[in-house]
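Structure first, then comments.
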Amino acid sequence: MSKILQVIKIGKKYNTINGEIEAIKDISFDINEGEFVAIVGTSGCGKSTLLSIISGLLKQSKGEVKYNIDNPVIGYMLQEDALFEHLKIKDNVLLGLKIQNKLNKETKNFALNLLKKYNLEKFIDKKPSELSGGMKQRVALIRTLAINPDILFLDEPFSALDSSTSLLVSDDVYKMIKESGKTTIMVTHDIASAISMADKVIVLSKSPSVVKNIHEINFENKDIPTINRQNEKFHYYYELIWKDLDDALE
Amino acid sequence: MLSNEQKEFIKKYKKKKRIILLIQLLIIVVFFITWELLSKYNIINSFIFSSPSKVIKTIYKLYLDNNLFKHIWVTIYETLISFSIGLIISLIISILLYLYNGFYKVMDPFLTCLNSLPKVALGPMIIIVAGANIKSIIVMAVLINVIVSTVVITNGFYNTDKIKLKLMASFKANKYQVLKYLVIPSSYKTIISSFKLGISMSLIGVISGEFLVSREGLGYLIIYGTQVFNLDLVISGILLLIVISYILYKLVEYLEKKLLS
Ligand SMILES: Nc1ncnc2c1ncn2[C@@H]1O[C@H](COP(=O)(O)OP(=O)(O)OP(=O)(O)O)[C@@H](O)[C@H]1O
Ligand SMILES: [Mg+2]
């Protein structure tokens, strides 16, 4: 497996008028091509900060993020409400292409076909508020996939959903990501969703965070998240990571 | 098909609305009758407080002299003009304040300061600069509504959802694209709802302007009435103004509904 990016000794301090806040102390890890990596940590430990730095939206105070591709295109997926209410579903999905000046017949068809493929075709002329939370999240992912990113970043993608919807949507989102073959980094505070989706789970300590531990998740017959949750090894990983986080809090 | 419960509910709802309207009309009627009687039996001084019958006569006389609609129209015209100019100017300023954050930071305290200043105080200065004519009235009204609307709209711009801004950043959108695709459309409601404020501020500006310089308009009518001690005219002017401001308000409300649906 080839490396797509390396995170090398990243640190981040926010300078505010009330003093310096060290969000991230020292974080290093590698991400392989096509891998699904979850980063877990307690609330406020610097997960969003880290993701912003890796994706290039925020400048680190120290360290380096090395990509093995030139000018990587990044795709970001955030919470449910990040769809634009003034745009129809179709136009939401085409937004990134339009902004990046990449909207042509081919890219447009690609995006609209994704809507078709994931059973959202009949909603293309609807406004986001007419869709359920789960559907909105699928649209948000399609909007991100439409620009054909080299790497996907997911920041707590299910946190705005109720727990049963979140389970179902994570299955859908997982399938969509696997079918796209994209390298994915997801941050979450939910250990279970991290284990059930990722190939690798990176556990962060509390803020200012360092890497507490990295776990490869090896299910014998890896399946969709809801089924992985019933895998006999699921609990084993859960305990392990729970313990890491528990230690991290001390 | 409506269920029986729903039909029943709608019936009750309509009935309630009718009753409320009836009471409102009743209040108006009782008010005018009481007023008429109080002045007729000299319980209040009818020279100062006038009376409905005198008001009707005064308004009818204005009508006969071909002055009624002229004054009303002048005030409405000035208000609508300054409202429109004000809206355009405040949109432009808000966009600049959003695009140039430094400019916003510098201007912020001045805006707050201007916002709390009673703009009428600037009237005499405006007259000296713009002349004792309709220009001064428009300038005054525009000034009053621009400052309030700019504050409201700029606030709306700066309150754009952080998550969506991050999404735009992830698309590598430049600031003009952020403005075009996110900030302005998501502030649409704020902009529309600033209309009500804008129109009432414009009316305040127009009337204060007319007090100071005008030869026409309801503000002029009121001031002129005071100068010649014709209080019937003053009160007629005030009543007409109440009607006009209500109509303008309803008009904007209707426009808002249209634009938001
Ligand atoms: N723009 C900022 N300015 C100053 N401090 C910030 C800023 N953004 C984040 N922080 C601080 O940095 C720390 C990490 O924040 P961050 O949002 O990255 O954590 P998180 O793990 O994503 O939290 P959550 O679980 O709430 O999403 C927090 O203490 C936060 O208060
Ligand atoms: Mg976060």
Side-chain angles (χ1 to χ4, degrees), chain A residues 17 48-49 51-59 71-88 91-103 127-129 136-137 139-141 143-157 159-160 185 187, chain B residues 87 90-91 94-95 98-99 101-109 112 149 152-196 255-261:
Chain A
I17 221 60
S48 298
T49 302
L51 213 55
S52 302
I53 290 172
I54 301 174
S55 60
L57 300 185
L58 184 71
K59 219 174 148 26
N71 302 316
V73 176
I74 63 148
Y76 232 97
M77 182 174 159
L78 302 134
Q79 286 172 7
E80 174 197 353
D81 36 26
L83 289 183
F84 291 13
E85 189 52 41
H86 62 275
L87 297 178
K88 293 174 181 171
D91 298 315
N92 261 290
V93 163
L94 299 178
L95 181 68
L97 290 169
K98 211 165 170 181
I99 288 171
Q100 301 189 344
N101 255 325
K102 288 187 201 156
L103 190 60
K127 291 288 172 70
S129 57
K136 279 194 250 189
Q137 237 3 9
V139 173
L141 180 57
R143 173 174 63 184
T144 308
L145 291 173
I147 57 170
N148 196 17
D150 295 303
I151 179 162
L152 280 176
F153 295 93
L154 277 52
D155 192 343
E156 306 268 9
S159 65
I185 307 181
V187 305
Chain B
L87 181 65
S90 19
L91 277 174
S94 302
I95 287 172
Y98 185 80
L99 286 177
N101 184 263
F103 179 44
Y104 174 66
K105 294 240 166 80
V106 172
M107 292 313 289
D108 191 33
T112 315
S149 305
V152 171
I153 296 173
T154 309
N155 261 326
F157 285 178
Y158 274 98
N159 277 327
T160 306
D161 186 358
K162 294 247 162 28
I163 290 186
K164 290 180 181 134
L165 286 170
K166 189 164 187 177
L167 183 89
M168 292 302 269
S170 83
F171 286 145
K172 304 218 157 48
N174 62 40
K175 60 183 176 182
Y176 303 101
Q177 290 175 320
V178 174
L179 194 75
K180 178 175 164 198
Y181 292 112
L182 173 61
V183 173
I184 293 180
S186 61
S187 306
Y188 189 64
K189 274 199 183 123
T190 314
I191 295 172
I192 306 284
S193 62
S194 79
F195 286 8
K196 265 187 200 150
L255 190 73
E256 271 188 31
K257 264 205 198 119
K258 276 267 132 167
L259 288 172
L260 285 178
S261 67

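In what follows, chains are A, B, ... by sequence order, proteins preceding strands, each numbered from 1. Keep in mind that the numbers below use all heavy atoms, side chains included, and drop hydrogens, waters and symmetry copies.
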How about NZ on B/Lys180, more than 12 heavy atoms from neighbouring residues, nucleotides or ligands closer than 6.0 Å, or not? no

What distance separates B/Lys189 NZ from A/His86 NE2, expressed to the nearest 0.5 Å? 12.0 Å

How many angstroms lie between CG in A/Asp155 and OG in B/Ser170, if you round to the nearest 0.5 Å? 11.5 Å

Between A/Phe84 and B/Met168, does a side-chain contact (heavy atoms from CB on, under 4.5 Å) hold up when you go through it step by step? CA-CA 11 Å; A/Phe84 291 13; B/Met168 292 302 269; 3.8 Å; yes

Derivation and outcome, side-chain contact (heavy atoms from CB on, under 4.5 Å), residues A/Tyr76 and B/Lys166: CA-CA 9 Å; A/Tyr76 232 97; B/Lys166 189 164 187 177; 3.6 Å; yes

Out of A/Ile99, A/Val73, A/Leu57, A/Ile74, which one pairs with B/Lys172 under the side chain to side chain contact (heavy atoms under 4.5 Å, CB included) rule? A/Ile74

Before you tell me yes or no, could you show the steps for B/Phe171 and A/Lys98 under side-chain contact (heavy atoms from CB on, under 4.5 Å), namely the whole-Å CA-CA distance, both residues' side-chain angles and the distance that decides it to 0.1 Å? CA-CA 10 Å; B/Phe171 286 145; A/Lys98 211 165 170 181; over 6 Å; no

Using every non-hydrogen atom in the two residues, find where B/Leu167 and A/Ala82 come nearest and quote the distance to one decimal. CD2-O, 4.2 Å

For chain B, the option from A/Leu95, A/Leu97, A/Leu87 that forms the most heavy-atom pairs under 4.5 Å: A/Leu95

